[in-house]
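Order of the sequence lines sets the chain letters (A, B, ...), proteins ahead of strands, with each chain counted from 1.
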Amino acid sequence: MMEKTYQPGEIEARIADAWDDARAFRAGAGRRPGGESFSVVIPPPNVTGSLHMGHALNNTLQDILVRVARMQGRDVLWQPGMDHAGIATQMVVERQLMERQEPGRREMGREKFVERVWQWKEESGGTIGRQLRRLGASCDWSRERFTMDEGLSRAVRKVFVQLYREGLIYRDKRLVNWDPKLLTAISDLEVQQVEVKGHLWHLRYPIEGKAFDAADPSTYIVVATTRPETMLGDTAVAVNPKDERYAAYVAAYQAGKPINVVLPLVGRLIPIVADDYSDPEKGSGAVKITPAHDFNDFEVGRRHDLPMMNVLSKEALILQEMQVFDSAGRAVDTKPSPQEFAGLERFAARKMIVAALEATALVEKIEPYTHTVPHGDRSGEVIEPFLTDQWYVDAKTLAQPALQAVRDGRTKFVPQNWEKTYFEWLENIQPWCISRQLWWGHQIPAWFGLRLPQDAGQGLRTFVATDEREMLEEARAYYGQDVEISIASAPTPGLSGPANRPAGVTLYQDEDVLDTWFSSALWPFSTLGWPDATPELARYYPTSVLVTGFDIIFFWVARMMMMGLHFMPDVPFRDVYIHALVRDEKGAKMSKSKGNVIDPLALIDELGADALRLTLAAMAAQGRDIKLARSRVEGYRNFATKLWNACRFAEINECTTVAGFDPATATLMLNRWIVGEAEKAAAETTAAIAAYRFNDAAAAVYRFVWSVFCDWYLELAKPVLQGGEGGADRDETRATVAWARDLILALLHPFMPFVTEELWAVTAPAEGRPALLALSPWPALGGLENAEAEAEIGWLVDLVSAIRSVRTETSVPAAAQIPLLLVGASAATRERAGRYDETIRRLARLSTVGFADQAPAGAVQMVVRGEVAALPIAEVVDLAAERTRLAKEIERIGADIDKIDRKLGNADFVARAPEEVVEEQQERRDEAAARRQKLEEALARLSAVSA
RNA sequence: GGGCGGUUAGCUCAGCCGGUAGAGCAUCUCGCUUACACCGAGAGGGUCGGCGGUUCGAAUCCGUCACCGCCCACCA
């Protein structure tokens, strides 16, 4: 015997185990002959992650698609896995070390630390996988992959080496976004622009050869800056070539004899150059150029062949000695910093430098100034543009095929408007900095050694290879077979210049690791075994669809497209379904700091995974954020209980699945009707899912289950099921109820896998029914709609609804059993009334259903499908109120008719609108007119009585 | 500066390849009845942000304005 309410908690864990035991989600499980492949790779959550609403939405949608495909008998793989999340994970473990007061990362050393991270991963890294299982995600967990697995690491190295050899990965010295807290470079995408209130300092730079006089503007040039501390590294001042104010400086520069300024505090002479970058509208129109600490200045420096002076250390402290590089990035010199600033942190230095300048009247003015400042998205620290050697991917080249594939429609975005965002970004893509100064990640497979004297190349000799053995082969080919090659763990001090002892060479591997997204970019093929030609790769690549949030289009989608197209013969996925962000009730982004996070696991505990899933699906309308309210989830929890009780009703009434039952053979109108409605609902749901219209799909099943199956079909079936007459009608109805219930369970299963699987199991499994709903066929019906049945049951529904409505409006006590008279009923109506006598009386609370040629005086009347039905209850009803009711309805219909008449009276409408539209209007008018006629008659009879 | 999205019932949102304004929640009224009070029946509630245009006809297409949100770039 089933419980009265659905208790998700007890059931969900048990069902999840049942799926596991049956290996129901293994790749290809449930595949039926001819089933084409359907594959999805999960957006790998961070190994440090725990389930938030975004994951819940993302994986619910994937699971719906995957479960439908599996039920459709396709060869399904949902590939799960996790991302090693370089920075995030390293931070977590470092924090843990600190909390436990253990030695820090640096004291521990690289090898030990990495070992420690692996240990952490084994112990605590699997949380999200378990949480996804609780959500019901039907991934093939036996194939779980991790971006740092041996196999995936091999793919990473192979890709790196090949791109390097193709010239698409290279090392370069240029400005990067440097995070002075994490002490690593980060990519443009990991930088957040934050608006901050700061100041704009107007500084006077004295002109060379003129005695500085604050009162005489010809003795200095004013530059405006938000970052005074970088002035130590200025190597020029730029003015616009068209700026009249600075015509003399421009002319001098163009004549090859630039006028210099004396850099305050430093005393270095730096030229005034003419460059379009300088905007006459901004500041003073003259701008200080610090090529080593500003991206724009860096470009100006390259254009004018200016030296770059690095003022800051990696920790953003002012250097003792500034490092000087030429415009090509070659180290050329060092220069002493003013010693009073050496070692100061950059913001402290700013204060002191401003103070020093003020002391000598070199500050013209200070304005409050609001501007945006780049911050690291992980550390929250102000990013420092920093001159370092890093590895870059030539993203521009790789982007071309990725753009083309979407333009050609080989990969489609849903909703399509995201293509624009994708195009925009790829068309303006910058080199992708892929090296990170971290320990946790894929160490870059590049080794450095000294150059041979005869080698004219610059810097150290680089060997890039997939492993040490391959690297050593290359090195031997370079240094000679007889040279002894050793590998050091770190660069030896003073390692520069030519290899002067070719008898023995020491190499060391690049210490940096790759950006986590580098390995994620390979996910669709690396998880399938690439670079080996595995059967999985052949079966499941390209994947069918990628489901992800828009915030990750650049980070991940675009890069998978680039890598997939470069290394595989086809795109990584056919469709990209982009879903929205889950926000809180008020539309704010959920964040821990705001404290408005709704924990999906808490909701699952309380209301069930199914309720949460159906809520998310029902709210996943394309192109719109989801504002999640708890009440909504409660509503869907109620729906689960409703379903549960409907199944309980079926059980109580012995509606058991009849093996081989063919819905087309149903004979009772009621059964033919529900069978047709079921077909419609199934078709609607299937089509909506195929179009990624999850909300429409959810609404279609929801409505069918509650408003059609429960509200009408089961109610209408009660007399047959419970009438005690037994016989063929009852058998057929029991079979039909069971059939419709099974269909509902199937249609709902992708949305609510747990309850439906449980109900499937408890509703007395019949022979020939698959043991697991998850592997049962998806409903595919045809030819079940029946106009006759629709007309008959439609009339029944309308009649009962009309009586109920009138009863309430005329204040007939709910308990009162009143008679009904069908006035001037047609033969069909009489027959139907007879057939459903008990049903009608039960649902409309009537004592009798009779017939009459005319409505009795004072009867309450209504019009149902063109015929009058009367409730002869003059004594219970307030006649005046009844008159008002009728008059109101007549008025309403009158307004409708007027509206239609205006249309039909419009010659243009009749002439230009499509024929069927005109006909439809005509029909509606006729119907309304007939109805009004009947109502007017009813009103007349009523008035006659009271008169 | 460039781009995208939003503005529809008290709330949260569907509908938007033009042709009778919908759902859930909330509200109000009623509730005989063993599938379900996490329920049933009924009701109220919207000039679809403003203005203009196209059209026989606009919530739906176009333009414009207002407000809200997001993304990208830049900011001396």
Between A:Asp908 (CG) and B:U54 (C1'), how many Å, whole number? 14 Å
Pick base, sugar-phosphate or nothing for A:Phe554, based on heavy-atom distances below 4.0 Å to the nucleic acid. sugar-phosphate
Using whole Å, report how far CG of A:Asp188 lies from P of B:C71. 16 Å
Testing B:C4, B:A76, B:G19 for proximity to the side chain of A:Gln921, the answer is B:G19
Among B:C38, B:C4, B:A76, the one nearest A:Asn417 by side-chain distance: B:C4
Under 4.0 angstrom, heavy atoms only, what part of the nucleic acid is A:Tyr636 near: base, sugar-phosphate, or nothing? nothing
Mind calculating the distance between CD (A:Glu419) and P (B:G3) to the nearest angstrom? 18 Å
Counting only side-chain heavy atoms from C-beta out, which of B:A43, B:A76, B:C25 sits nearest to A:Asp294? B:A76
Regarding A:Asp279, tell me which of base, sugar-phosphate or nothing describes its non-hydrogen contacts under 4.0 Å with the strands shown. base
Close aromatic pair by centroid cut-off 6.0 Å: A:Tyr6 and A:Trp644: yes
List the protein contact pattern of nucleotides 26-35 of chain B with one symbol per nucleotide (5' to 3'): B for base contact, S for sugar-phosphate-only contact, - for none; contact means a heavy-atom distance under 4.0 Å. ----SSB--B
Under 3.5 Å, is there any donor-acceptor pair linking the side chain of A:Arg632 to the base of B:C25? no
For the pair made of NZ in A:Lys282 and P in B:C74, what is the distance, rounded to whole Å? 11 Å
Report the distance from atom CH2 of A:Trp425 to atom C1' of B:C71, rounded to the nearest whole Å. 13 Å
A:Leu799 CG to B:A41 C1', straight-line distance once rounded to whole Å: 15 Å
When all nucleic acid strands are considered with a 4.0 Å heavy-atom cut-off, which category describes A:Ser278: base, sugar-phosphate, or nothing? base
Return the nearest nucleotide to the side chain of A:Trp706; candidates are B:G24, B:C36, B:G40. B:G40
Distances for protein N or O near nucleotides 15-18 of chain B N or O, under 3.5 Å:
from  : atom 1 : to       : atom 2 : distance (Å)
B:G15 : OP1    : A:Arg693 : NH2    : 3.1

Using a 3.5 Å limit on both distances, find every run of at least three consecutive Watson-Crick or G-U pairs that involves RNA chain B. B:1-7 with B:66-72, B:10-13 with B:22-25, B:27-31 with B:39-43, B:49-53 with B:61-65
What contact category does A:Arg637 fall into here, base, sugar-phosphate, or nothing, at under 4.0 angstrom with non-hydrogen atoms? base
